[in-house]
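Working notes, beginning with the structure itself.
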Amino acid sequence: MSKAVSALEGVSHKGFAEVAEAGLRGMITVRGDLASGAMKKAVKAATGTALPAPRRIVIDGDKAAAWMSPDELLILVPYEAAQDTVAALEKALAGEHHLVADVSDARAVFTIKGARADQVLTKLCPVDMATLAEGEIRRTRAAQVAAAFWKSEAETFTLVSFRSVAGYVMGLLETAARAGGEIA
Amino acid sequence: MLTLECPYCGVKAEETELQPGGEAHLKRYGPGSTDEEFDGYMFSRKNPKGVHFERWRHAYGCGKWFLAARCTATLEVFGTYPAQTSEPPAELQAKIKAKRPNWEGYK
Amino acid sequence: MSTRLSKGGRLIDRSKPMGFTFNGKRMQGYQGDTLASALLGADQMLVGRSFKYHRPRGIVASGAEEPNALVGLGQGGRFEPNQRVTTTELFDGAVTESQNHWPSLDFDVGAVNDKLYKFFPAGFYYKTFMFPRAAWKHVFEPIVRQSAGLGKVPTARDEDRYEYAYGFADLVIVGGGIAGLTAALSAGRKGQRVWLIEQTAHWGGRAPVDGVEIDGKPADEWVRTAVETLEKMENVTLRLRTMASGLYDHGYLLAYERVADHTPGDGRPRHRLWRMRAGHVMTATGAIERPLSFAGNDVPGVMLASAVRDYVANWAVSPGDRTVIVTNNDDAYRTALTLLEAGLAVPAVIDARPEAKGALPEAVRARGVRVLTGHGVAKVKGAKRVTGVSVCMQAGEGAEIETIACDAIAMSGGWSPVVHLWSHCGGKLTWDEDHAMFRPDPTRPATGADGAAMVTAIGSANGMLRAADAVADAHMAAGSEGTAPKAVSAEEAPMSPVWIMPEGAGPALRMKMWLDYQNDVKVSDVQLAAREGYESVEHTKRYTTLGMATDQGKLSNINGLAVLSDALHQAIPATGTTTFRPPYTPISIGAIAGEARGEIFQPLRKTPMHDWHEVHGAHWEPVGQWRRPYCYLRTGEGVHDAVNREIRAIRNSVGLLDASTLGKIIVKGPDAGRFLDMLYTNMMSTLAVGKCRYGLMCTENGFLSDDGVVARLSEDTWLCHTTTGGAERIHGWMEDWLQCEWWDWKVYTANVTEEYAQVAVAGPNARKVLEKLGGMDVSKDAHGFMEWREGTLGGFRARVYRISFSGELSYEIAVPASEGRAFWDALLAAGEEFGVTPYGTEAMHIMRAEKGFIMIGDETDGTVIPQDLNLQWAISKKKTDYLGKRAQERSYMVSPDRWKLVGLETLDGSVIPDGAYAVADGVNANGQRNMQGRVTSTYYSPTLNKGIAMGLVKHGPDRMGEVLDFPVDDGKVIKARIVDPVFYDKDGEKQNV
């Protein structure tokens with residue numbers, strides 16, 4: 001699907017941390033009864049992972065399942081796999097009260113890399129980074145817009161925002177990560 | 001600027017992550033209600049100096065509405081609880097009564 | 001003269017000289033200097049002029065309390081006025097200038113005000129208002145304007161960057177003196193997450209200057225060891241140059257870090273505003289010495305005694321060769337010792353107390369210094385610089401006994417704990433009679449979220465003025481973990497409060513006793529205020545401007561309220577203090593703004609086609625945080641012409657509108673139909689799958705809130721379109737009802753607004769463009785009006801809605817946002833042969849007005865119900881309930897007198913101004929002309945070639961053909977006829993082809 005492009009087409013900046021738009025990612029909002037067996041099976045079918053605990057993200061390679069609220073998950077898959085995953089989820093949840101919505105194109109994804117990557121977030125999000133738990137996904141705000149982030153690898157955070165504000169978010173990240181801005 | 005713990009996701013959110021929603025536990029009056037009932041539902045709000053129950057939405061987090069019991073004078077927070085209830089949990093009411101013996105109680 | 005001493009200076013590095021200029025004069029200081037010490041070292045005692053009388057002003061203090069020494073610092077994009085030299089670190093190449101004088105610092109015309117002081121008493125601003133008007137206009141206003149304002153406003157754009165950072169700690173200790181360090185050691189050992197912040201560039205506070213010994217070591221050495229110990233603790237964060245600006249609810253503390261003020265242009269952010277959340281706060285903020293009120297206490301060369309010894313000990317700067325000490329306490333004798341130690345002369349110590357027999361006075365006497373007990377200062381000699389002091393008896397009226405030649409005076413009226421942070425969030429104070437000071441009342445602290453104390457004051461900030469007490473207090477307050485440090489300092493005899501010197505000073509002397517140096521408030525002003533009936537300290541403050549300058553009365557408040565209390569014949573605690581408000585010292589606007597400036601001042605929402613619009617002449621219109629093209633300007637084209645061109649193109653052929661910003665919310669579940677029936681005024685549950693229906697939403701108050709087209713996607717799924725500005729609000733509204741009222745209803749919602757790029761293809765040739773793209777049958781029979789179809793259009797996954805807001809044949813097509821730009825390009829290519837014209841929001845607005853369609857925000861303003869807009873057809877009569885229904889039954893809502901929607905046509909074809917009112921006969925109870933209607937939308941219609949408008953008019957629909965008067969500017973009246981609001985294609989034939 002060559003005509004699909006991410007909001008910023010992969011722009012990146014290198015300061016004391018490297019910030020980059022990570023391109024398109026398949027993302028699916030799933031709402032339903034998270035305690036149900038069908039939901040467990042649906043997540044397994046979509047990502048191969050277990051159902052995430054509250055405020056956690058379970059990652060398996062290029063797929064992941066994240067807890068967004070008591071009745072909502074976010075399923076992450078490669079962009080190309082989104083439509084098939086939607087179909088798989090719909091199938092698994094058939095007969096249950098649920099909602100599955102492809103939101104792959106409504107989001108922008110960023111990575112923040114470096115030994116001080118957490119400091120970039122410290123400047124933008126009202127979050128105590130020191131108490132961020134292993135595997136935690138934190139929904140909060142980055143300056144003036146909604147965002148969610150998690151530690152995706154050692155010294156790397158992934159941050160998701162709405163697509164329309166991708167330019168604003170990249171502006172925030174670039175400014176916060178600019179060389180000289182290290183918090184000593 | 002307040003901090004309130006979201007009872008749904010456990011995040012201790014600061015006020016900038018929350019959206020205020022005014023007085024909690026309003027009973028809706030629709031068609032068929034008297035003018036007085038509707039007026040009370042629509043316009044009459046408590047404004048106590050002391051114990052107050054409020055609606056807050058964890059807008060920049062899990063998106064859920066929750067309720068908070070708070071002292072408007074000292075900003076002490078007695079507790080937060082899910083919105084799917086028509087009155088404050090008995091346990092919370094007891095806790096408030098213990099801390100504020102002169103509180104006239106809920107309703 | 002003030003000068004740099006050849007030896008000493010614990011904070012300066014003489015191997016690193018630094019050049020700077022003051023009013024163009026080149027000067028030199030050393031690394032470690034403040035601007036104040038560098039200026040004094042270069043014999044620059046005179047640094048500015050006072051606000052009201054333009055009196056010469058010198059440096060008084062050595063820290064944050066300095067009222068006088070404010071300068072303009074830097075140049076161009078780094079110029080900032082009102083920089084306090086005592087808290088500004090010197091850097092190489094600093095450019096400084098004095099303020100508030102004209103034409104020069106040494107010769108100031110405004111100083112004539114000083115001679116006219118009788119005309120500028122307390123409250124003179126207010127009193128001038130009571131003169132004849134002409135006096136204000138011709139006499140006072142020019143004078144006030146000439147002299148008002150401190151410093152110059154920067155004109156260049158700020159070159160620096162600023163940022164926020166969010167910090168979290170169990171305990172934030174404010175102040176890095178020996179109390180703060182002691183508390184940090186104890187709390188650190190306990191394993192608490194501790195932050196210790198200090199506003200200056202150095203740890204240790206006053207103790208090293210005051211000769212304190214801790215654990216058998218000089219304070220300097222103990223401080224070094226303590227800091228090293230703390231640096232090794234992983235749970236302790238130490239930050240210098242970080243000032244706690246304010247304390248707010250639930251432990252919210254703003255800390256202002258001056259990251260690069262002393263290294264400008266090195267690529268670091270200039271300031272960082274820490275938005276801290278503290279489990280608990282300890283204020284180890286120290287104490288501030290009070291001046292004494294004697295005649296001429298504002299002459300340059302009169303300084304706080306503690307500041308004098310700071311300058312000597314810290315920076316090896318002597319404020320004068322011969323310094324007379326004036327005091328009411330033992331502590332000031334330390335200054336005498338420091339001066340003597342440095343080889344400087346102390347001609348005398350004037351002590352207001354009847355006797356001074358403590359260890360410190362005795363030590364001073366032992367050095368051969370005259371100690372004049374029971375004496376006071378009658379008057380300071382000198383104008384731009386102290387030349388001497390005349391001595392009198394403290395108990396008398398000021399008869400001069402002798403004159404002592406000197407070039408500096410070190411004064412001490414006792415100490416006041418810094419209680420600002422303690423007080424910011426409601427902590428209360430108690431009056432300490434022994435030390436004549438307010439200190440924190442530990443029984444009435446500010447409380448936090450858990451109802452417990454949120455703040456503890458420690459050390460001298462808690463009134464523990466002696467080092468031993470301060471350290472013991474801090475150790476205990478922080479949990480007594482580890483061995484308590486033991487501090488030793490000289491014994492001190494009790495101080496004795498002195499609020500006026502001499503006690504019986506007459507009016508002539510009181511008129512020269514300064515309380516507030518920056519704002520020129522004197523003892524006589526406060527006494528006058530009291531005589532004029534001001535009893536409240538808050539009122540007196542505002543009337544006299546006492547404590548209202550940029551230093552916020554750090555030196556003047558206690559002295560001022562003591563004078564007020566005396567004038568009111570009441571005890572000081574009965575008068576009370578004014579309110580302490582953040583910030584403790586001024587913080588930069590840049591720090592308050594943080595990263596929010598320029599491109600990221602606020603979020604800008606962009607559709608996938610935004611860049612195309614930008615390149616193709618979009619004239620932007622802000623719609624919420626979105627930017628939408630208002631129209632597209634071609635070279636040489638004006639906005640009006642562009643809009644008209646776009647409309648004609650659509651009416652005649654085909655146009656494209658980027659409608660991506662419209663809200664799109666999925667509502668799904670067994671109870672979704674029932675839910676939407678409650679939300680919308682009309683019936684949505686009966687909508688057939690594959691069909692669309694226009695719907696209205698009202699608030700519970702009955703007023704129109706939003707509108708849009710709803711499509712039924714499947715048996716249990718609807719897609720609700722909202723207005724551009726309404727998407728988040730309406731989604732939140734839906735969730736509110738589902739979560740808080742009908743939580744047992746089985747409905748889920750999802751806001752998918754940004755998932756789709758949406759394009760309206762409108763105009764007689766719209767179908768041809770889509771057919772050219774191919775892939776879907778968009779014929780009239782296969783795809784009827786108000787229906788939607790899903791398929792692949794030109795290779796794009798598309799959902800096509802056949803709806804029309806323009807009155808033309810029209811399709812709105814949603815494709816995945818990531819493909820939006822490619823789809824837009826494909827439409828442009830396919831439409832080329834039809835002259836396809838991208839159009840903006842204004843063309844859309846005009847075309848909908850031509851069709852008589854309402855617009856949320858134009859026809860509605862939060863007081864309009866659907867019935868006012870003749871939208872009864874969109875209100876279900878079958879439903880027993882919907883949000884807003886009960887309100888719409890209220891007597892006022894059903895009144896036949898409500899203003900209702902009509903069309904308006906001017907008799908002369910002109911365009912009525914938006915918001916114009918139609919007048920009626922007679923006047924109302926307030927004598928104002930009666931009104932009978934107003935314009936809600938008004939445009940020039942290029943289709944009809946005349947002005948068209950919509951408006952709300954009393955009994956409007958029953959008055960078709962009547963002509964109304966709309967008075968506009970310059971006495972002109974526009975006449976407009978009431979007509980049907982549908983101006984174009986009344987039968988809808990064009991959209992239904």
Side-chain angles (χ1 to χ4, degrees), chain B residues 1-5 8 12-17 19 21-39 41-43 51 55-60 62-68 70-80 82-86 95-96 98-100, chain C residues 164 166 168 246-254 275-279 425-426 445-454 678 699-703 728-729 731-745 749-751 879-893:
Chain B
M1 190 167 58
L2 310 180
T3 46
L4 295 171
E5 187 173 315
Y8 293 99
K12 205 173 160 193
E14 70 162 42
E15 211 172 308
T16 64
E17 297 177 278
Q19 176 195 334
E23 187 180 328
H25 303 303
L26 295 178
K27 177 175 161 27
R28 178 173 186 261
Y29 284 92
S33 58
T34 65
D35 279 354
E36 288 69 32
E37 284 167 337
F38 184 74
D39 182 86
Y41 157 58
M42 201 64 228
F43 305 113
V51 179
R55 287 152 33 85
W56 290 88
R57 186 181 186 208
H58 192 190
Y60 279 102
C62 69
K64 296 300 180 198
W65 283 96
F66 65 87
L67 307 180
R70 187 171 72 94
C71 174
T72 59
T74 66
L75 308 187
E76 178 174 359
V77 178
F78 304 110
T80 56
Q84 292 77 39
T85 171
S86 53
K95 181 181 166 188
I96 297 170
K99 288 196 162 201
R100 296 284 190 281
Chain C
Y164 295 151
Y166 295 87
F168 298 82
L247 178 63
Y248 309 82
D249 311 331
H250 291 191
Y252 184 55
L253 182 95
L254 282 188
R275 302 173 64 166
M276 302 280 311
R277 281 291 174 178
C425 216
T447 55
D450 56 359
M454 176 166 88
M678 284 301 294
T699 63
E700 270 288 68
N701 218 342
F703 300 123
E728 284 70 32
R729 178 172 51 87
H731 183 235
W733 170 249
M734 289 177 173
E735 282 294 324
D736 191 351
W737 287 98
L738 287 171
Q739 291 176 32
C740 303
E741 186 71 22
W742 305 310
W743 59 77
D744 51 339
W745 293 15
T749 70
N751 183 355
K879 292 197 294 192
T880 53
D881 195 4
Y882 59 82
L883 298 179
K885 184 176 170 69
R886 174 63 185 86
Q888 288 163 5
E889 290 166 356
R890 299 173 72 214
S891 59
Y892 184 74
M893 300 295 207

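Hydrogens, waters and symmetry mates are skipped; everything else that's a heavy atom, side chains included, is used. Numbers restart at 1 for each chain; the letters A, B, ... are given by sequence-line order, proteins then strands.
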Exercise: identify the closest heavy-atom pair between B:Phe38 and C:Ala887: CZ-CB, 3.6 Å

Which is it for C:Asn701 and B:Phe43 under the side chain to side chain contact (heavy atoms under 4.5 Å, CB included) test, yes or no, and what are the steps along the way? CA-CA 9 Å; C:Asn701 218 342; B:Phe43 305 113; 3.6 Å; yes

With a 4.5 Å heavy-atom cut-off, do B:Thr16 and C:Arg275 have their side chains touching? yes

Most heavy-atom pairs under 4.5 angstrom with chain B, which of C:Arg277, C:Gln888, C:Arg890? C:Arg277

Contact class of C:Glu741 relative to chain B, heavy atoms under 4.5 angstrom: side chain

With side chain to side chain contact (heavy atoms under 4.5 Å, CB included) as the test, would you mind laying out the steps for C:Thr699 and B:Met42 before giving the verdict? CA-CA 11 Å; C:Thr699 63; B:Met42 201 64 228; 5.9 Å; no

I'd like to verify something: which residue of C:Ala452, C:Gly448, C:Ala449 has the highest number of heavy-atom pairs under 4.5 Å with chain B? C:Ala449

Assess whether side chain to side chain contact (heavy atoms under 4.5 Å, CB included) is satisfied between B:Asp35 and C:Arg886, documenting all intermediate values. CA-CA 9 Å; B:Asp35 279 354; C:Arg886 174 63 185 86; 2.7 Å; yes

Of the listed residues (B:Ala83, B:Ser33, B:Cys71, B:Ser86), which shares the most heavy-atom pairs with chain C below a 4.5 Å separation? B:Ser33

Toward chain B, the part of C:Asp450 with a non-hydrogen atom under 4.5 Å: backbone

What verdict does the side chain to side chain contact (heavy atoms under 4.5 Å, CB included) test give for C:Met454 and B:Leu75, after you've listed the backbone C-alpha separation in whole Å, the side-chain angles of each residue and the deciding distance to 0.1 Å? CA-CA 12 Å; C:Met454 176 166 88; B:Leu75 308 187; over 6 Å; no

Closest non-hydrogen atoms of B:Met1 and C:Tyr248, given as atom of the first, atom of the second and distance, are N-CB, 4.3 Å

Could you tell me which portion of C:Met678 (side chain, backbone, both or neither) has an atom closer than 4.5 angstrom to a non-hydrogen atom of chain B? side chain

Counting only non-hydrogen atoms closer than 4.5 Å, does C:Asp736 touch chain B with its backbone (N, CA, C, O), its side chain (CB onward), both, or neither? both

Which atom of C:Lys885 lies closest to which atom of B:Pro31, heavy atoms considered: CD-CG, 3.8 Å

Is there a donor-acceptor contact under 3.5 Å linking the side chains of B:Tyr41 and C:Glu700? yes

Minimal non-hydrogen separation, B:Arg55 against C:Cys740, with atom names: NH1-SG, 3.5 Å

Counting N and O atoms only, with roles assigned by atom type, does the side chain of C:His250 sit under 3.5 Å from a partner on the main chain of B:Glu14, one being a donor and the other an acceptor? no

Looking only at heavy atoms, what is the nearest atom pair of C:Trp743 and B:Thr85, with distance? CH2-N, 3.6 Å

Residue B:Lys64 versus chain C: region with a heavy atom under 4.5 Å: both

Test item: B:Gln84 side-chain N/O and C:Gln739 main-chain N/O as donor-acceptor pair under 3.5 Å: yes

